Structure formats: structure tokens, C-alpha cells
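One structure is given below, encoded as C-alpha cells.
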Amino acid sequence: MPELPEVEVTRRGIALHLTGRIISGVAVREPRLRWRVNASARDLKGLSVRGVARRGKYLLIDCGAGHLIVHLGMSGSLRVLPRETPPGKHDHFDLQLGDVLLRLRDPRRFGAVLWSTGRVEQHRLLAGLGIEPLERNFDGGRLHTLTRGSRVAIKQLLMDAKRIVGVGNIYANECLFQAGIHPRLQAHRLSLSRCARLASEIKATLRAAIRAGGSSLRDYSGAGGELGCFQMRYSVYDREGLQCRRCGTPIRRVVQGQRSTFFCPACQR
DNA sequence: CTGGTCACCTGGAAGC
DNA sequence: TGCTTCCAGGTGACCA
């Protein structure tokens, strides 16, 4: 699930429930995630959660003396649950906070839970990250600068976190469709005006997805609802062979960098 | 530096 | 039904 909108919705959901609470313990049932989980009760117990920030697809739980860096990988999800909730098969990590706990479920184990002291933005995983697409300073001019001299396909540039964070495979496909740009176009061939169009479609698409997910925020707490029920109605993603919603031409699928790319050959040039 | 490929894991769907 | 194959929303490490 997790691209920037899902991570941002998760951030808001858990911030609501965790901020101000005191960490009472940690449970690591499976430390072998993307990197070995290094968070321990010894470091965390007694600290209070000051807030939850996001950098790209990383969640940064501010505990004062350090940050808990959480990444959801391909299949991770976080929930706030009552303390006694029995863990399921892929529930690898809990942060205990009195009568509730924050639980990470991650079947594929591509996620991460890392304890970081010191300046979190200097952490090796965060230091080299690119621009946040929803920040004010991301615009057509900035995207134009980023694309200069780059011969990679624009879709691959959008997904390169060293340049722009948070845009994964689904939203890269969707944004390029909205902007009428062919995913294989070399980045440096985009004019300033097309960059402006693309930058604004990126913002609009991500914001719409966050809005769609925001409506399910309350599901972060309690045993009931599943999150991730905010599937947007995709224009091209996973629609190979189906008619383009705009012009009726069959959507095509190609592979770029071992990832599926979906596009309308008529609308995107 | 850039650009391209691989590896890490599990589960679900499709194919035979 | 059961086995095999393919595919999946991420990204750091490694190579030429």
C-alpha cells in the first residue's frame, strides 16, 4: 500500500493517538525486517511521544531523546490497538504506551523500525532524500531544474527518492497520465511548461489521495476497521487493456526498471 | 557521477 | 485439488 499519501494518512492517524503518551515497553517478535530492529525497551521506556513527522515515506516518531524511524516497505501497516490485543502472524513489532499499543504488521518484512539518536535528518537513510512534492518550494521550475541533464525516463525520475520523495509506482503512473506525459519520455526533454503541468498534477493527485484516506482516519484505533480502504479510482494503474477513461484507447502496460508502467498511448505523448 | 540490475520476503492469483 | 509460476505499492547495494 504505502506511498506518500498512505504514509501521511498513517502519520495523522497515529499522531492523534500517540502524542503525549508515555512509552511503557517494546515488543519485538521478529527483528528481521529490512534491517534488524534495534529499538529496545531499555532505550525507549519512560520517554514520551512528542509528535510524529514524515520525511518521504519514513515516519519519524519523536520521543525527545531520539526518534523511532518507521518504514512500511511494500506491505506494512500500523494500527493503534488495545494493550491486550493478541498479535497475528505478521505482527512483528509493538510500541507499548500504557493501555494501548502501536502495532506494525508487515508480511513481506521490507519495512523498518530503527531507533535513532541525534539529528534525525542526518540519519543515513534520510540525509540523501530529495524534495518533498507537497512543499511550497516544489514547483515547475524546481522540477525543470531536477530534470536537466537527466536522460532517464521521466517516470523513473519521479520514483527516484534522491530527487523527489514519496512518489511510488501507482502515483507516478497516475500523475503522468493526468499531465499527458508519456512515461518513457526522457526527463531532460520536458519543457518548463510541461514541468509546471506535471508538478501541479503531482500535488493534486497526492492531495486527493490523502483526502480520500483521511476519511478513514478513525479506523486507526480499535480492532475493527481495516485501513487502506481508500483505493482511489485509478486512471491507468492496473488497467492494462481497459479503455482509457478519457479517450477510450486501450491502456498499455510496459516494464520500466522492473516495475509495471501503465499509460494511455493516445493521451500521453 | 549516471544509469541499470539485483536482492530482500511472503502471499495471492493465475495457469496447468 | 494441488503444484508451479508470476506478480506485487520500496529501496539500498552493487555493477559497468
Side-chain angles (χ1 to χ4, degrees), chain A residues 1-11 29-38 54-59 69-78 87-93 104-114 116 123-130 133 145-177 183-189 202 205-206 208-210 212-213 216 226-241 253-262:
Chain A
M1 273 184 255
E3 293 189 32
L4 186 149
E6 290 81 356
V7 177
E8 176 61 19
V9 170
T10 298
R11 184 193 71 74
R29 282 177 289 274
E30 173 55 87
R32 295 172 303 167
L33 303 185
R34 178 75 200 266
W35 298 280
R36 174 162 275 267
V37 174
N38 70 345
R54 178 185 60 72
R55 178 74 175 101
K57 295 171 192 163
Y58 292 91
L59 288 165
I69 302 176
V70 178
H71 197 287
L72 300 177
M74 293 270 255
S75 59
S77 60
L78 286 170
K89 185 176 178 188
H90 301 293
D91 292 340
H92 305 310
F93 177 86
L104 174 71
R105 171 171 297 182
D106 185 9
R108 288 179 74 180
R109 293 199 274 124
F110 286 168
V113 178
L114 295 171
S116 158
H123 190 278
R124 63 182 180 90
L125 295 176
L126 308 181
L129 291 179
T145 304
L146 278 173
T147 55
R148 291 311 90 180
S150 179
R151 311 184 69 80
V152 287
I154 183 59
K155 191 219 177 195
Q156 299 196 257
L157 183 139
L158 291 186
M159 293 177 63
D160 178 2
K162 290 182 172 49
R163 301 191 228 228
I164 305 167
V165 295
V167 181
N169 198 34
I170 293 178
Y171 295 110
N173 280 303
E174 294 296 304
C175 295
L176 287 167
F177 173 78
R184 282 202 158 129
L185 187 66
Q186 285 189 325
H188 71 103
R189 295 191 180 277
I202 290 169
T205 303
L206 295 178
I210 291 169
S216 62
E226 267 307 312
L227 190 82
C229 48
F230 61 105
Q231 294 282 320
M232 291 195 22
R233 186 165 175 268
Y234 299 134
S235 295
V236 289
Y237 181 77
D238 203 22
R239 297 195 71 238
E240 181 181 15
R253 183 181 88 96
V254 296
V255 174
Q256 292 178 281
Q258 296 131 240
R259 312 299 297 275
S260 286
T261 293
F262 301 89

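Source: prediction; values computed, not measured. Every chain is numbered from 1 and lettered A, B, ... according to where its sequence line falls, protein lines coming before strand lines.
- Pairing for C:dC15 goes to B:dG3, judged as Watson-Crick or G-U wobble with the two contacts each under 3.5 Å.
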side-chain contact (heavy atoms from CB on, under 4.5 Å) assessment of A:Leu72 paired with A:Lys57: CA-CA 8 Å; A:Leu72 300 177; A:Lys57 295 171 192 163; over 6 Å; no
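- Checking the phosphate oxygens (OP1, OP2) of C:dC7, no side-chain nitrogen or oxygen of A:Arg259 falls inside 4.0 Å.
- If you take CE of A:Met74 and P of C:dT11, they are 10 Å apart, rounded to a whole angstrom.
- Ranked by how close their nearest DNA chain C nucleotide is to the 5' end, A:Leu129 and A:Arg108 are led by A:Arg108.
- Closest-nucleotide positions on DNA chain C for A:Lys162 and A:Tyr237 were compared, and the one nearer the 5' end corresponds to A:Tyr237.
- Of the residues near DNA chain B, A:Ser150 and A:Gln258, the one whose nearest nucleotide (by heavy atom distance) lies more toward the 5' end is A:Ser150.
- Heavy atoms of A:Leu125 sit under 4.0 angstrom from primed sugar atoms or phosphate atoms, though from no base atom.
- Using a 4.5 Å heavy-atom threshold, the side chains of A:Ile202 and A:Leu158 count as touching.
- The separation between A:Leu59 atom CG and C:dG10 atom C1' is 14 Å, rounded to whole Å.
- Remark: the A:Gln256 side chain and the A:Thr261 side chain contain an N/O donor-acceptor pair separated by less than 3.5 Å.
- Rounded to an integer number of Å, the gap from CG of A:Leu4 to P of C:dT11 is 10 Å.
- Taking 4.0 Å as the cutoff to heavy atoms of chain A, we find the contact window on DNA chain B bounded by B:dG3 to B:dG11.
- Atom name P, nucleotides B:dG3 and C:dG9: the rounded distance is 22 Å, in whole Å.
- Contact check, A:His71 against C:dG10: no side-chain N or O comes under 4.0 Å of OP1 or OP2.
- Only the P atoms considered, C:dC14 is 16 Å distant from B:dC9, to the nearest whole Å.
- Residue A:Glu174 comes nearest to A:Ser235 through the heavy atom pair OE1-N, 2.7 Å, listed as atom of the first residue, atom of the second, then distance.
- Spacing between atom CD of A:Glu3 and atom P of C:dA8 amounts to 13 Å, rounded to whole angstrom units.
- More than 12 heavy atoms of other residues, nucleotides or ligands sit less than 6.0 Å from atom CZ of A:Arg29.
- Within 4.0 Å (heavy atoms only), A:Arg163 reaches sugar-phosphate atoms of the nucleic acid but no base atom.
- Rounding to whole angstrom units, CZ of residue A:Arg253 and C1' of C:dA8 are separated by 11 Å.
- The CD1 atom of A:Ile170 sits 17 Å away from the P atom of C:dC7 (whole-angstrom rounding).
- If you run ring pair (Phe, Tyr, Trp, His ring centres under 6.0 Å) between A:Phe262 and each of A:Tyr171, A:Tyr234, A:Tyr237, only A:Tyr237 comes through.
- Between A:Met159 atom CE and C:dT11 atom P there is a gap of 9 Å when expressed in whole angstrom units.
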Any chance you could lay out the side-chain contact (heavy atoms from CB on, under 4.5 Å) test for A:Val167 and A:Leu4, step after step, and finish with the verdict? CA-CA 6 Å; A:Val167 181; A:Leu4 186 149; over 6 Å; no
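- Contact check for A:Ser150 versus A:Arg163: side-chain heavy atoms found under the 4.5 Å cut-off.
- Of the candidates C:dA8, C:dA13, C:dG10, the closest approach to any side-chain atom of A:Lys57 belongs to C:dG10.
- Using a 4.0 Å heavy-atom cutoff across all strands shown, A:Arg32 reaches no nucleic acid atom at all.
- Base pairing of C:dG9 is not made with any nucleotide, judged by Watson-Crick or G-U wobble geometry with both donor-acceptor distances under 3.5 Å.
- The phosphate of C:dG12 (OP1 or OP2) has a side-chain N or O of A:Tyr58 nearer than 4.0 angstrom.
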